[in-house]
There are 2 protein chains.
Amino acid sequence: MSLPHAILTALAEKPSSGLELTRRFDKSIGYFWSATHQQIYRELGRLEEKGLIRALPSARPTRGQKKEYEVLPAGRAELTAWVAEAEDPKPVRDALLLRVRAAGVVGAGGLDAELRRHLALHREQLAEYEAIGKRDFPPERDAEQDRLRRLVLRGGIGLESFWISWLDEALTEIEEIGGGRA
Amino acid sequence: MSLPHAILTALAEKPSSGLELTRRFDKSIGYFWSATHQQIYRELGRLEEKGLIRALPSARPTRGQKKEYEVLPAGRAELTAWVAEAEDPKPVRDALLLRVRAAGVVGAGGLDAELRRHLALHREQLAEYEAIGKRDFPPERDAEQDRLRRLVLRGGIGLESFWISWLDEALTEIEEIGGGRA
DNA sequence: CTCGGTTATGCAACTCGTTGCAAAAGGGTC
DNA sequence: GACCCTTTTGCAACGAGTTGCATAACCGAG
């Protein structure tokens with residue numbers, strides 16, 4: 001139930017149309033709450049119906065015509081309440097860890113290539129995060145919002161760093177095992 | 001599409017009934033691929049229909065009566081093929097990071113309690129993983145399967161450790177901000 | 001001025017996971 | 001032996017996310 005709040009956050013940062021939101025989700029918010037344009041349009045409709053956001057009056061309501069939304073006071077209140085809500089961390093569901101476990105039963109044939117591929121992907125993502133850090137958060141910007149966004153970014157960086165080091169370790173391990181067999 | 005393979009892996013490690021599987025998912029496999037008993041029963045039905053597993057002949061097929069399954073050769077082949085399949089890492093979707101970002105817009109009121117709660121949960125989980133490591137994987141066991149399961153466990157440990165250190169950092173940051181305002 | 005590409009919004013169908021509940025069998029207790 | 005609790009299996013409905021496609025406006029090229 002977090003998608004509506006992801007959208008409220010994005011709109012509170014800057015009023016946008018559905019497509020603009022989609023693009024921002026591809027770049028920024030989507031790094032920790034991804035969503036497709038479909039989900040976004042559907043949710044914008046629901047949020048408008050509930051009176052949490054509204055279409056800016058300038059935008060006519062025809063199809064194919066850009067429609068900008070902004071957050072209403074009720075939406076801001078909803079978001080404020082949600083921030084303090086308790087929600088347990090979702091249990092991990094990671095197919096790669098599962099593959100390694102399955103490899104213990106049927107052998108690790110071909111898994112090393114997949115591990116290397118993931119390693120490359122995570123290195124890319126880490127590089128992107130670090131570029132964003134340099135570009136968007138120079139140390140002189142220090143408002144509350146900047147500090148919190150930097151904190152979230154450090155979360156992303158930490159996660160990617162973890163995966164990179166685990167994948168390194170995994171590759172070493174699997175090469176050793178494979179070497180002993182082949 | 002990994003649930004069937006999670007079940008195949010579990011059954012290959014040891015033939016089980018639906019309820020036993022449910023319990024093993026709560027303890028072991030479920031740490032990185034969680035599933036409810038509902039999903040498991042449904043999937044057992046599908047896997048049997050496809051001829052990848054079968055009910056052990058001893059078990060009569062009535063409701064409320066235990067029914068044990070084992071993996072058939074076709075199931076093992078399917079699992080072997082799946083291990084080498086390519087699958088991109090799923091984009092992160094983390095409500096807590098989203099809350100921190102939202103706090104940048106509407107203020108961090110009450111969020112610190114939630115961060116502390118998560119910190120405690122992750123510390124618990126880490127302790128559990130470390131206990132499992134000591135109990136199930138003493139260093140003298142060194143078969144391929146043991147090494148790979150230990151590798152997966154180290155993944156879990158690394159993830160929990162990452163969250164613990166990020167949450168520590170986040171709490172410090174938010175206390176500083178809050179201190180400057182109150 | 002019409003044709004094709006781009007921008008923008010949206011519907012419908014599907015899969016996967018979740019939640020609440022029901023039903024059959026077995027075992028213990030009074 | 002009637003009652004109730006536990007174990008085990010299962011159905012049905014729902015909600016969130018995904019995929020494929022449709023529709024409408026706009027804009028530039030020829």
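Order of the sequence lines sets the chain letters (A, B, ...), proteins ahead of strands, with each chain counted from 1. It should be emphasised that the depicted structure is a prediction, and the values quoted were computed from it without experimental measurement.
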Distance alone, cut at 3.5 Å: any donor-acceptor contact between the side chains of Ser28(B) and Arg101(A)?
yes

Point-to-point distance, once rounded to the nearest 0.5 Å, from CD of Glu87(A) to CG of Asp94(B)
9.0 Å

On the nucleotide dG10(D), are OP1 or OP2 found under 4.0 Å from the side-chain N or O atoms that Lys67(B) carries?
yes

Please round to the nearest 0.5 Å and tell me the distance separating atom CD of Glu130(B) and atom CD of Glu160(B).
10.5 Å

Check the orientation of His122(B) and His118(B). Use parallel for under 30°, tilted for 30 to 60°, and perpendicular for over 60°.
tilted

For Leu111(B) and Ala103(B), which heavy atoms make the closest approach, and how far apart are they?
CD2-CB, 3.9 Å

OP1 or OP2 of dG17(D) sitting under 4.0 Å from any side-chain N/O of Arg93(A)?
no

Enumerate the ring pair (Phe, Tyr, Trp, His ring centres under 6.0 Å) contacts for residues 71-106 of chain A, please, sequence neighbours excluded, ordered by first and then second residue.
His5(A)-Trp82(A)

Would Tyr31(A) and Gln125(A) count as having a side-chain donor-acceptor pair, cut-off 3.5 Å?
no

Going by heavy atoms closer than 4.0 Å, what residues in residues 34-50 of chain A are next to DNA chain D?
Thr36(A), Gln38(A), Gln39(A), Arg42(A)

Nearest-angstrom distance from the residue atom CD of Glu68(A) to P of dT7(C)
16 Å

Please list, by residue number, the residues of residues 9-28 of chain B whose heavy atoms come closer than 4.0 Å to an atom of DNA chain D; answer none if no residue qualifies.
Ser17(B), Gly18(B), Leu19(B), Arg23(B)

Thinking salt bridges, do Arg42(A) and Glu49(A) make one under a 4.0 Å N-O criterion?
no

